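Encoded as structure tokens, the structure appears first; notes follow it.
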Amino acid sequence: MSLINEYRATEEAIKELQERLKNLSQDDKLQKELEFEGKLRKLMGEYQKSLRDINALLDPEAKPARGGRGAKPAPAPTKRARKVKQYKNPYTGETIETKGGNHKTLKEWKAQYGADVVEGWATLLD
């Protein structure tokens with residue numbers, strides 16, 4: 001994009017945002033919310049309370065959004081171990097054991113006989 005096109009696009013975006021800001025500033029709901037926020041902040045300052053204090057007061061069961069003071073980090077999720085599968089080819093009698101689908105012979109069988117057929121040959125081992 002040329003510099004002049006970028007300039008014009010930015011100028012147009014600014015005009016759209018200014019129009020949106022003008023419409024929002026005339027909205028009664030926004031005016032009420034701003035008034036409420038102002039009064040709440042004034043009250044919080046009067047009693048020397050923070051937003052965390054207010055949240056803890058209103059919802060004591062809630063966990064802090066960010067790791068608050070003294071919060072223990074969440075334990076890292078552990079991966080579930082894959083189970084060993086044993087495939088027995090009924091045509092050749094050959095048997096293979098694998099935990100995943102990245103086995104050379106297994107891939108060959110799936111290409112030759114089809115994945116659904118080969119999965120039917122599988123048994124789970126403990």
Side-chain angles (χ1 to χ4, degrees):
M1 175 184 278
S2 72
L3 198 55
I4 190 131
N5 287 341
E6 184 179 347
Y7 174 81
R8 288 184 179 147
T10 304
E11 195 174 46
E12 183 65 30
I14 289 172
K15 286 180 186 178
E16 289 174 10
L17 288 172
Q18 284 176 335
E19 183 66 30
R20 186 171 173 207
L21 183 63
K22 180 182 173 188
N23 290 339
L24 279 173
S25 66
Q26 295 172 350
D27 189 356
D28 288 339
K29 287 182 182 179
L30 175 67
Q31 296 303 323
K32 287 183 180 181
E33 284 188 31
L34 289 173
E35 180 184 355
F36 175 75
E37 180 189 21
K39 288 181 179 180
L40 180 61
R41 290 195 182 276
K42 181 179 175 188
L43 190 61
M44 287 168 46
E46 185 178 324
Y47 288 94
Q48 298 175 351
K49 296 291 181 183
S50 69
L51 286 175
R52 281 192 180 140
D53 297 330
I54 301 299
N55 286 333
L57 180 69
L58 295 176
D59 191 3
E61 298 296 318
K63 296 178 182 173
R66 292 180 222 116
R69 290 177 233 127
K72 296 179 184 176
T78 57
K79 286 188 176 181
R80 184 173 47 103
R82 293 185 191 180
K83 296 186 178 185
V84 177
K85 284 186 179 178
Q86 182 181 48
Y87 295 86
K88 183 171 183 177
N89 186 330
Y91 303 108
T92 64
E94 188 178 359
T95 303
I96 59 171
E97 292 180 5
T98 182
K99 286 187 174 185
N102 202 16
H103 191 279
K104 181 181 177 183
T105 307
L106 184 61
K107 283 184 175 182
E108 290 172 1
W109 289 353
K110 286 183 178 182
Q112 184 177 359
Y113 302 107
D116 292 337
V117 173
V118 174
E119 282 300 318
W121 302 343
T123 55
L124 281 177
L125 300 179
D126 290 330

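Along the sequence shown, residues carry numbers from 1. Quick caveat, the model's predicted, so the values are computed rather than measured.
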Side-chain contact, heavy-atom cut-off 4.5 Å: [X] with [Y]?
| X | Y | result |
| --- | --- | --- |
| Asp59 | Glu61 | yes |
| Leu43 | Lys49 | no |
| Tyr91 | Trp121 | yes |
| Lys15 | Glu19 | no |
| Tyr47 | Asp53 | no |

If you measure from [atom1] on [X] to [atom2] on [Y], what distance do you get to the nearest 0.5 Å?
| X | Y | atom1 | atom2 | value |
| --- | --- | --- | --- | --- |
| Leu40 | Lys42 | CG | NZ | 12.5 Å |
| Leu30 | Lys32 | CG | NZ | 12.0 Å |
| Leu3 | Thr10 | CG | OG1 | 9.0 Å |
| Asn23 | Gln18 | CG | CD | 12.0 Å |
| Leu124 | Lys85 | CG | NZ | 6.5 Å |
| Thr105 | Asn89 | OG1 | CG | 10.0 Å |

Taking all atoms of both residues into account, what is the closest heavy-atom pair of [X] and [Y], and its distance?
| X | Y | answer |
| --- | --- | --- |
| Glu97 | Gln86 | OE2-NE2, 3.6 Å |
| Glu119 | Tyr87 | OE2-OH, 3.0 Å |
| Ser25 | Gln31 | O-NE2, 2.6 Å |

Tell me, with the steps shown, if Met44 and Leu51 meet side-chain contact (heavy atoms from CB on, under 4.5 Å).
CA-CA 8 Å; Met44 287 168 46; Leu51 286 175; 3.7 Å; yes
Atom [atom1] of [X]: over 12 foreign heavy atoms under 6.0 Å:
| X | atom1 | result |
| --- | --- | --- |
| Asp116 | CG | no |
| Asn102 | CG | no |
| Gln48 | CD | no |

Tested for side chain to side chain contact (heavy atoms under 4.5 Å, CB included) against Lys88, the lone hit among Thr95, Ile96, Thr123 is Thr95
Salt bridge or not between Glu33 and Lys29? Use side-chain N to carboxylate O under 4.0 Å.
no
So, Lys39 and Glu35, do they make that salt bridge, N to O below 4.0 Å?
yes
Stepwise salt bridge (charged side-chain N to carboxylate O under 4.0 Å, His left out) test for Arg41 and Glu37:
CA-CA 6 Å; Arg41 290 195 182 276; Glu37 180 189 21; 3.2 Å; yes
